[in-house]
Amino acid sequence: MNIQQECLEGEAKEPQSLRLTNSTTLWNYRLRELAKQRQFLQALTLYRHMLRSGYSPNTFTFPFVFKCCAVFLFPLMGSQLHAHVIRTGCQPDPYIRTSLISMYCKCNLVHNARKVFDEVGPWRNLTISYNALISGYTFNSKILDALVFFCRMREEGLLVDSVTMLGLVSGCTVPAHLGIGMCLHSCCVKFGLDGDSSVENCLLTMYVKCGEVEHARQLFDKMTEKNLITWNAMISGYSQNGLARHVLELYREMKSINMCPDHVTLLGVLSSCANLGAQSIGSEVEGEIEYRGFGSNPFLTNALINMYARCGNLMKARAIFDRTADKSVISWTAMIGGYGIHGHGEIALNLFDEMVKCGIRPDGTAFVSVLSACSHAGLTDEGLKYFDEMETKYGLKPGPEHYSCLVDLLGRAGRLKEAMDLINSMKVKPDGAVWGALLGACKIHKNIELAELAFERVMELEPANIGYYVLLSNLYSDAKNMEGVLKVRVMMRERKLKKEPGCSYVEYRGKVHLFLSGDTSHPQSDDMYKMLDKLESLVKEIHPSAENEGRRNEELLTGMGVHSEKLAIVFGLLNTKPGTEITVMKNLRVCVDCHIFIKLVSKIVNRRIVVRDATRFHHFSDGVCSCRDYW
DNA sequence: TTAGGGTTAG
């Protein structure tokens with residue numbers, strides 16, 4: 001039986017800790033305490049017990065109970081109580097009406113909320129009722145309605161307070177509403193509410209959610225009173241916008257001023273560590289989690305699994321995963337994805353099947369992990385099977401993100417025509433990633449004609465994505481089509497696009513040895529390339545699925561070129577003693593194919609090789625970099 | 001009446 005039924009049917013038991021009271025006022029007092037501590041379940045139980053003990057709720061009781069109905073999305077209970085309120089004659093009270101409006105809006109019944117608002121009776125609507133309706137409209141994505149009522153409350157000469165602005169600004173968290181959000185920012189200044197930290201935090205969040213990170217940072221720097229929520233909003237904002245290194249910088253800054261992080265901070269930091277492959281910072285965060293007693297927070301556990309898995313420490317990720325009692329679909333997805341990106345397709349698929357056996361229903365994201373795992377391990381037919389099951393077995397409609405995985409899967413296997421047919425048969429509009437996946441496949445299989453078509457399409461959708469220009473340019477370059485290379489470069493220049501060069505470095509005897517991809521300018525270059533050739537042929541021999549999926553792996557390993565991290569590793573191998581760990585720093589994320597290479601080389605030479613993010617590196621922002629400067 | 005959160009290929 002659920003809580004709603006329990007409360008309606010009066011079968012709730014009074015918990016020991018709630019035993020008190022002999023008048024409605026005392027019951028109300030206790031309800032308020034519980035609501036303050038956000039213990040809504042206990043509040044509902046207490047309310048039920050109050051009724052069973054023969055005490056009638058009064059004007060002060062209802063707001064707390066409506067709040068509970070809003071939290072637990074109990075519209076049935078809410079409307080029954082509403083009827084009860086009308087019977088008891090309390091309805092005109094503005095506080096009750098406000099809590100009713102809020103409850104209906106949280107339960108997505110805006111129409112009912114509006115009816116309550118309009119039935120004013122002898123009272124007029126106060127700022128709090130307007131606030132409830134305004135935030136209710138924005139909660140239900142009706143920003144224009146919210147603005148209408150904002151104007152109306154101004155016409156009525158009512159006071160606009162910080163809660164009004166919070167309600168309005170939180171409705172502008174999509175880029176399409178940025179303009180409105182900026183006008184509201186000016187309103188906040190006009191009303192003298194810009195010094196209110198909750199309003200400023202809300203504005204900050206609005207900017208980051210709209211992708212206006214620099215704007216958010218300006219506001220952050222200007223704020224005189226930064227509380228934990230401010231720091232979290234900025235850290236999560238960087239994290240959500242993929243600015244992982246900014247996250248780590250800000251986290252360090254936060255700690256330097258002795259601001260204690262909470263679970264929300266650590267989530268943002270862990271997610272960035274995962275994106276950068278920054279395992280050592282990630283394990284520091286793990287220590288912090290234990291130290292602060294957040295060890296059982298399921299969000300953090302999932303973030304830790306994801307972080308270790310993405311950093312290549314699958315053993316550690318698996319250990320955390322195994323000891324997690326309540327594994328959600330997110331925990332499973334993180335683990336499956338971890339095996340997938342490191343080339344363990346079979347294990348990923350087994351884990352997926354195990355998840356289904358455990359009664360966890362896969363969602364769209366889980367399928368993205370599964371399909372990409374198939375793609376990276378060359379398990380083409382398995383991937384097609386899972387894609388098919390997505391709809392037939394689980395009733396999930398594939399989105400463009402699934403099609404892009406499938407195009408990648410078919411494309412890598414050389415089945416370019418099937419990939420093209422798949423795109424043409426898509427029920428949803430292909431996005432940039434779908435055409436990008438086809439372009440990537442064309443690069444591997446050197447199909448210029450199809451690549452040009454894919455490039456044309458991808459440019460209509462993502463003209464500012466440098467990666468696609470580089471792919472096409474490299475394809476032309478492989479085919480010795482210098483005219484093509486030039487054409488792409490001119491296009492990039494015209495559109496003012498610059499590629500931040502991927503580079504890696506190793507610290508050796510107090511000096512930094514830095515390498516770009518395909519770099520031949522290092523004094524030890526000859527020896528390094530000889531060693532690299534030898535390692536590449538050994539890697540091809542031992543690649544996990546080399547025997548049955550030989551063709552794909554051959555293409556994978558020969559098609560990937562001389563990445564900067566490969567050169568840095570070889571330099572480390574040539575110059576350091578056997579047994580010592582080789583630590584390579586990289587300014588960009590290590591690509592999946594390189595991860596496999598690093599892992600296998602590590603096995604061949606029996607050395608621990610760590611490739612980490614170069615977070616201290618700031619030399620590349622203008623796109624200029626010379627290796628010679630660092631020797 | 002109220003601001004911050006985990007999993008996603010290329």
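Numbers restart at 1 for each chain; the letters A, B, ... are given by sequence-line order, proteins then strands.
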Within the modelled atom types, does a donor on one side and an acceptor on the other bring the side chain of D262(A) and the base of dG4(B) under 3.5 Å apart?
yes

Side-chain ion pair, R97(A) and D93(A), N-O less than 4.0 Å = no

Ranking dT1(B), dG4(B), dT8(B) by distance to the side chain of E401(A), first place goes to dT8(B)

Picking from dT7(B), dT2(B), dG5(B), the nucleotide nearest the side-chain atoms of H263(A) would be dG5(B)

Looking only at dT2(B), dG6(B), dG10(B), the nucleotide nearest the L166(A) side chain is dT2(B)

Whether E462(A) and R457(A) form a salt bridge (side-chain N of Lys/Arg under 4.0 Å from carboxylate O of Asp/Glu) is what I want to check. no

Looking only at dG5(B), dT7(B), dG4(B), the nucleotide nearest the R310(A) side chain is dT7(B)

Note to self: On the nucleotide dT7(B), are OP1 or OP2 found under 4.0 Å from the side-chain N or O atoms that S271(A) carries?
What the structure shows: yes

> Going by the angle between their ring planes, with limits at 30° and 60°, are H185(A) and Y207(A) parallel, tilted or perpendicular?
Replying inline: tilted

Out of dT7(B), dA3(B), dG5(B), minimum distance to the side chain of T333(A) belongs to dT7(B)

Testing dG6(B), dT2(B), dA3(B) for proximity to the side chain of N201(A), the answer is dA3(B)

Checking dG10(B), dA3(B), dG5(B) against the side chain of N227(A) (C-beta onward), the nearest is dA3(B)

| said: Under 4.0 Å between a side-chain nitrogen and a carboxylate oxygen: does that hold for E119(A) and R114(A)? | reply: no

Taking the ring of F455(A) and the ring of W435(A), is the distance between their centroids below 6.0 Å? no

Exercise. At under 4.0 Å between heavy atoms, what does N465(A) touch on the DNA or RNA strands: base, sugar-phosphate, or nothing?
Worked result: nothing

Looking only at dA9(B), dT1(B), dG6(B), the nucleotide nearest the S372(A) side chain is dA9(B)

Against the side chain of H376(A), the closest entry in dT7(B), dA9(B), dT1(B) is dA9(B)

Among the nucleotides dT2(B), dT1(B), dA9(B), whichever has the atom closest to the side chain of S404(A) is dA9(B)

### Query
Under 4.0 Å between a side-chain N/O of K106(A) and OP1 or OP2 of dT2(B), yes or no?
yes

